[in-house]
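Below: the structure, in structure tokens.
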Amino acid sequence: MKSKNIIGRFRIHLLDLIRGTKIFQVLNELRQQQYLSKEQLNEIRKQRFSHLFKLAQTTTTFYKNVVSYENLEVLTKDKVRAHFNDLISSSYKKKLFPKGTSGSTGTPLIYLTTIEAKSYMWAGIILSWEVAGYEFGDKVAFVAGTSLIKNDFKHLVFHKILNIDSYSTYNLNDSNILNYIKKLQKTKAKIIYGYPTALDIMATYIHKNGPFAFPYLKGIISSAEVMTEANRANISSAFNVEVYNQYGCNEAGISAFECEYH
């Protein structure tokens, strides 16, 4: 095993140790599950849903009178705010972590998440990176806004350990783009993870002012916004790597992503 990969694996284990997560364990679980048959995955889904539904019925005030899944009402943000404490399971004794939506569709919603949810979220993100060739320890560049980049101390340490550099999409002018390109080259970034609109702007700059070489770059993963095929073609030709689409949300983590065959 390459020394870089050993160091990279150590970084994940260090994060798990510091934060109490199980990213490495969950990642191995997801790697195996992704190749299961539709029938096998459906059985896992049914078992987990049955467990979750029973838990909700027996340990929350909000769902205690619900007798079947068909009787469930649509859970809106307003209902979550109005019944915040009633939605918390009385059986969950571990620490809960407050998070919030971006507010792009209205008033931001504050909600609670768990260490297990954090583990699955980051394991899913790393699994999607692996499609583009990511290996533990690779330099990753985040080209994004506040949905992916946080500037508080905890997130800065987290990104440092994971070997992630942040490139803010705020004020993406020619001068900043050129500085970003030079930094991507200097740091030998292997994976770029970011907003398709921002990457598209950078790609257009590269076509106009380049060429610029990125010999160490393995692939690009687009997230957080809709990526058009025109975006993909422009970004891919500018950076000379494959571009993969990813879909998810801050509340639940990764929902889906393209495989190596798109």
Inset, instruction - Kindly write out the residues that satisfy side-chain hydrogen bond (donor to acceptor under 3.5 Å, both in side chains) with S119, not counting sequence neighbours, or none if the list is empty. - result: none
Inset, instruction - Tell me yes or no: between the side chains of E29 and Y120, is some donor less than 3.5 Å from an acceptor? - result: yes
Legend entry - With K183 via side chain to side chain contact (heavy atoms under 4.5 Å, CB included) - residues at least two apart: D165, Y167, T187
Inset, instruction - Verify whether one side chain among S37 and Q40 offers a donor that lies under 3.5 Å from an acceptor in the other. - result: yes
Legend entry - side chain to side chain contact (heavy atoms under 4.5 Å, CB included) partners of Y170, counting only residues at least two apart: S168
Inset, instruction - Identify, with sequence neighbours excluded, every residue that meets salt bridge (charged side-chain N to carboxylate O under 4.0 Å, His left out) alongside E73. - result: K79
Inset, instruction - State yes or no: are the ring centers of F212 and F239 separated by less than 6.0 Å? - result: no
Inset, instruction - Output every pair passing salt bridge (Lys or Arg N to Asp or Glu O under 4.0 Å) with a member in residues 49-71, not counting sequence neighbours, ordered by first then second residue. - result: none
Legend entry - Flag, side chain of Q57 to backbone of V66, donor-acceptor distance under 3.5 Å: yes
Inset, instruction - Would you check if the side chain of S222 reaches a backbone N or O of N245 as a donor-acceptor pair within less than 3.5 Å? - result: no
Inset, instruction - Hey, can you tell me if Y244 and H262 have their rings parallel, tilted or perpendicular (30° and 60° cut-offs)? - result: parallel
Inset, instruction - Sort and list the pairs that fulfil salt bridge (Lys or Arg N to Asp or Glu O under 4.0 Å) and have at least one residue in residues 232-241, not counting sequence neighbours. - result: E229-R232, R232-E258
Legend entry - Heavy-atom donor-acceptor pair, T60 side chain to A56 backbone, under 3.5 Å: yes
Legend entry - Side-chain donor/acceptor of R9 to backbone N/O of G137, under 3.5 Å: no
